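Reading through the structure tokens given below for one structure.
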Amino acid sequence: MVDYCQCVFFTQFMKQELYKKAITVLDANFQEGGFTIPSAGLYPFQWKWDSGFIALGFAHYDVEKAKTEMRTLLDAQWGNGFIPHIVFHTDNDSYFPGADFHQSELHPLSSKKYRSTGMTQPPVSGFVLQEMYRIAADKEDMLKYIKEHIDKVFYNHVYFYENRDPQDEGLVYIYHNWESGTDNSPVWDDIWKTMNPPEYTFVRKDTTHVDASQRPTKREYDHYLYIIDIAKQHNYDDVKIAELSPFLVQDPLFNAMLIKSNQALIELYELIGGNEDKIKTLLQWQSKSIASFNEKLFDAELGAYVHYDLRNEKAIRHITSSSFSPLFANIPSPERAKVLVKTMMDKFGGADKYLCASFDPTSDRFNPKKYWRGPVWINMNWMLFLGLKNYGFADVAARMKHDSIELIEKYGFYEYFDCRKDTGEENTPGYGGNNFSWSAALFIDLVNTD
Ligand code: GLC
């Protein structure tokens, strides 16, 4: 008979083994060029928001790698403050669309050192620097590092507020679904209906690595490529993009991360000392952004924040895991936070499910296997865990953490996971890429955070 002590030891042993495995995944994905690929084969370059989450994982056990990761990302910044979504460090041709399709060199201020895409991803760098400071054992050394890099992040935010907010609302737009990080969310379906892109001829590479049923369709890709073509025709000029892109969205996740990073920059500049002008600017952005966010993006009837389609001037009324991300950035009032958590638990939180599906499981657009149309993503869970904890929802926060760890224990370090505890299939796998860097990195951070 196995006694209680043996079981506890076994569980602890398994956790330690998984922790070691997480480190192995991250170290194996770290490249000579000083950056980490999200997943071998499927994603062979450096992705912006992945890099931020990855740096957090490294910060717990190899601080030099964490610093290198962020330094390399910030090194790819353009002359106008923009930081691209993919930095193509190598000529690897296992990914489409690659550097030759994107042609970032069309923009006069693009990096002369690195080829990249001409679009961005959620602004994680500010809060990542702050988290690196929190984790660092040698605070003095980390503050010195932050001092050397923080202005790049500040100028990235200047870029956003000066170029991505045409109506001066304190809310910035994204011009491509890939900028959101939530690539094929059902939220974009209504926008695709307003477009009729040409049928492109190209060879998909993603579906050679991952089952096509877990990836976007060919027709969706036509839309993705067409938006890039329009931007390219205008050399990625922001004014022209704001005028002409069929996709122009104020995304709650993207704006919540910008607000979270603004706050981090304020606190880091205060720690560094001086920099009064920058702090003043950041505070002005904060009050305007938070007020507009609450006024424009909250849907009282749905009890959640939603996306706003700036091109077609209408709210996109669907609930996604991004709808709850404002908790991470301290945006809702405590009363509104309660409403949000109730919506989350009513629709996403049944006992038969893992938290937190990426799309409303009660909607007919929900698909538990397809990328951002339903599966659970660890980076979203990590943000929601911290947000819930911050607002005092200790039980829901504990469940968010527990479910994230259980999914990884059960399936491995996959890119995304089925939210159904019982899928009706005998051997449900994890979905998307395996040995996925941010799942490993944030697992490390989660187990180190109470
Ligand atoms: C997928 C995800 C995106 C991520 C990228 C690299 O495209 O949708 O959020 O950054 O993979 O991991």
Side-chain angles (χ1 to χ4, degrees), residues 25-26 28-31 35-57 69 73 76 83-89 92 94-98 101-102 116-117 119-125 128 174 176-188 204-212 214-217 220-221 223-225 227-228 249 251-254 256-257 320-322 325 357-359 367 369-383 413-417 430-443:
V25 167
L26 278 188
N29 286 343
F30 185 76
Q31 308 291 300
F35 67 96
T36 307
I37 54 171
S39 178
L42 186 60
Y43 305 120
F45 310 108
Q46 183 174 30
W47 264 255
K48 181 184 177 194
W49 76 330
D50 296 62
S51 260
F53 297 126
I54 289 164
L56 292 185
E69 185 75 38
L73 178 71
I83 300 175
H85 118 278
I86 304 177
V87 186
F88 296 110
H89 289 276
N92 193 318
S94 75
Y95 181 83
F96 177 85
F101 185 90
H102 286 280
S116 72
T117 58
M119 66 177 83
T120 189
Q121 257 190 335
V124 292
S125 309
V128 167
I174 53 172
H176 197 288
N177 52 305
W178 281 338
E179 291 200 317
S180 69
T182 62
D183 303 7
N184 71 333
S185 171
V187 164
W188 319 132
R204 285 275 287 274
K205 303 286 170 76
D206 57 330
T207 44
T208 63
H209 303 288
V210 171
D211 189 317
Q214 297 164 22
R215 298 285 305 178
T217 62
E220 279 172 301
Y221 259 76
H223 293 81
Y224 306 169
L225 300 182
I227 304 171
I228 299 172
V249 171
D251 179 329
L253 173 63
F254 197 99
M257 293 181 104
T320 66
S321 51
S322 303
S325 65
S358 47
F359 192 71
N367 179 336
K369 293 185 176 188
K370 216 173 178 67
Y371 214 35
W372 290 96
R373 301 183 76 88
V376 176
W377 289 74
I378 298 299
N379 64 333
M380 295 303 301
N381 276 17
W382 176 84
M383 278 181 264
F413 294 104
Y414 270 88
E415 188 181 3
Y416 42 100
F417 304 90
Y431 299 142
N434 193 2
N435 295 326
F436 190 71
S437 294
W438 83 39
S439 298
L442 296 176
F443 171 83

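A quick note: this is a predicted structure, and the numbers were derived from the prediction, not measured. In what follows, residues are counted from 1 in the order of the sequence shown. Ligands are counted one by one from 1 in listed order, and the atoms in each one are counted from 1 as well.
Each of the atoms 3 (C), 4 (C), 9 (O), 10 (O) of ligand 1 lies under 4.0 Å from some heavy atom of Trp49. Near Phe436, meaning under 4.0 Å from one of its heavy atoms, ligand 1 places the atoms 12 (O). Atoms of ligand 1 lying under 4.0 Å from at least one heavy atom of Trp47, given by number and element, are 5 (C), 6 (C), 10 (O). Interface atoms of ligand 1 facing Trp372, defined by a heavy-atom separation under 4.0 Å, are 2 (C), 8 (O). Atoms of ligand 1 found under 4.0 Å from any heavy atom of Asp50 (numbered from 1 in listed order, with element): 4 (C), 6 (C), 10 (O), 12 (O).
In Gln121, the part holding a heavy atom less than 4.0 Å from any atom of ligand 1 is the side chain.
An N or O contact shorter than 3.5 Å links Tyr43 to ligand 1 by distance.
Considering only non-hydrogen atoms, atom 2 (C) of ligand 1 lies nearest to Gly181 out of Ser180, Gly433, Gly181. When Tyr371, Tyr416, Phe45, Trp178 are checked for heavy-atom proximity to atom 1 (C) of ligand 1, Tyr371 turns out nearest.
Side-chain contact between Tyr416 and Met380 is absent, with no heavy-atom pair separated by less than 4.5 Å. Contact of the Thr182 side chain with the Trp188 side chain is registered, since non-hydrogen atoms from C-beta on lie closer than 4.5 Å.
Ring centroids of Phe35 and Trp47 are separated by 6.0 Å or more, keeping the two rings apart. Ring pair Tyr414/Tyr431: centre-to-centre distance not below 6.0 Å.
The only member of Asp206, Ile86, Leu42 that meets side-chain contact (heavy atoms from CB on, under 4.5 Å) when paired with Tyr95 is Ile86.
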**Item:** Steps toward ring pair (Phe, Tyr, Trp, His ring centres under 6.0 Å) verdict (Trp382, Phe443)
**Value:** CA-CA 9 Å; Trp382 176 84; Phe443 171 83; over 10 Å; no
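The existence of a salt bridge linking Glu220 and Lys370 is excluded, since no basic side-chain nitrogen approaches an acidic carboxylate oxygen closer than 4.0 Å.
If you check which protein heavy atom lies closest to atom 7 (O) of ligand 1, you get Asp183 OD2, 2.7 Å.
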